[in-house]
Amino acid sequence: MKIVDNEKKLEDLNGVSMLLNDLAVYLDKNPSDERAAHWFDTYSVTREEMLKEFEKELWR
């Protein structure tokens with residue numbers, strides 16, 4: 001069960017990371033898009049929180 005949970009968390013983390021990559025590419029071409037910049041900032045914080053939680057679970 002723990003392996004399945006960790007796989008799901010890793011999958012979610014990868015999804016957020018891919019979203020951030022896409023937003024970064026978009027913002028490179030559209031630097032004045034404040035809405036996209038806000039999303040990037042928000043999901044960056046979310047990714048950091050997810051990463052910390054995943055690392056905590058992994059090294060428990």
Side-chain angles (χ1 to χ4, degrees):
M1 187 69 165
K2 185 174 181 176
I3 292 173
V4 172
D5 290 342
N6 284 341
E7 287 177 359
K8 175 66 173 133
K9 287 179 184 178
L10 184 58
E11 186 177 303
D12 292 345
L13 180 61
N14 285 336
V16 171
S17 296
M18 289 174 56
L19 173 65
L20 283 169
N21 287 339
D22 289 347
L23 281 170
V25 170
Y26 175 80
L27 285 167
D28 280 345
K29 296 177 182 178
N30 303 281
S32 63
D33 189 334
E34 293 180 19
R35 191 169 163 189
H38 173 73
W39 288 343
F40 185 86
D41 293 341
T42 299
Y43 282 106
S44 292
V45 171
T46 299
R47 183 185 180 279
E48 286 302 315
E49 291 170 354
M50 292 171 73
L51 186 57
K52 286 178 185 176
E53 183 176 326
F54 183 71
E55 287 176 344
K56 189 170 101 176
E57 288 290 320
L58 187 64
W59 298 111
R60 191 185 272 194

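We number each residue from 1, following the sequence as shown.
Contact check on Asp12 versus Lys8 returns a salt bridge, with a Lys/Arg side-chain nitrogen under 4.0 Å from an Asp/Glu carboxylate oxygen.
Considering NZ of Lys29 and CG of Leu27, their distance stands at 11.5 Å, rounded to 0.5 Å. Distance check: Tyr43 OH to Leu20 CG gives 9.0 Å after rounding to the nearest 0.5 Å. Atom CE of Met50 sits about 9.0 Å away from atom CG of Asn14, to the nearest 0.5 Å. A distance of 12.5 Å separates CG of Leu51 from OG1 of Thr46, quoted to the nearest 0.5 Å.
Pairs of residues two or more places apart, or lying in two chains, never qualify as salt bridge (Lys or Arg N to Asp or Glu O under 4.0 Å) while including a residue from residues 35-52.
Listed by chain and number, the residues in a side chain to side chain donor-acceptor pair (under 3.5 Å) with Asp22 amount to none (sequence neighbours excluded). Take Tyr26 and apply the side chain to side chain donor-acceptor pair (under 3.5 Å) test, not counting sequence neighbours, and it matches Asp33.
Other residues, nucleotides and ligands contribute over 12 non-hydrogen atoms within 6.0 Å of the CZ atom of Phe54.
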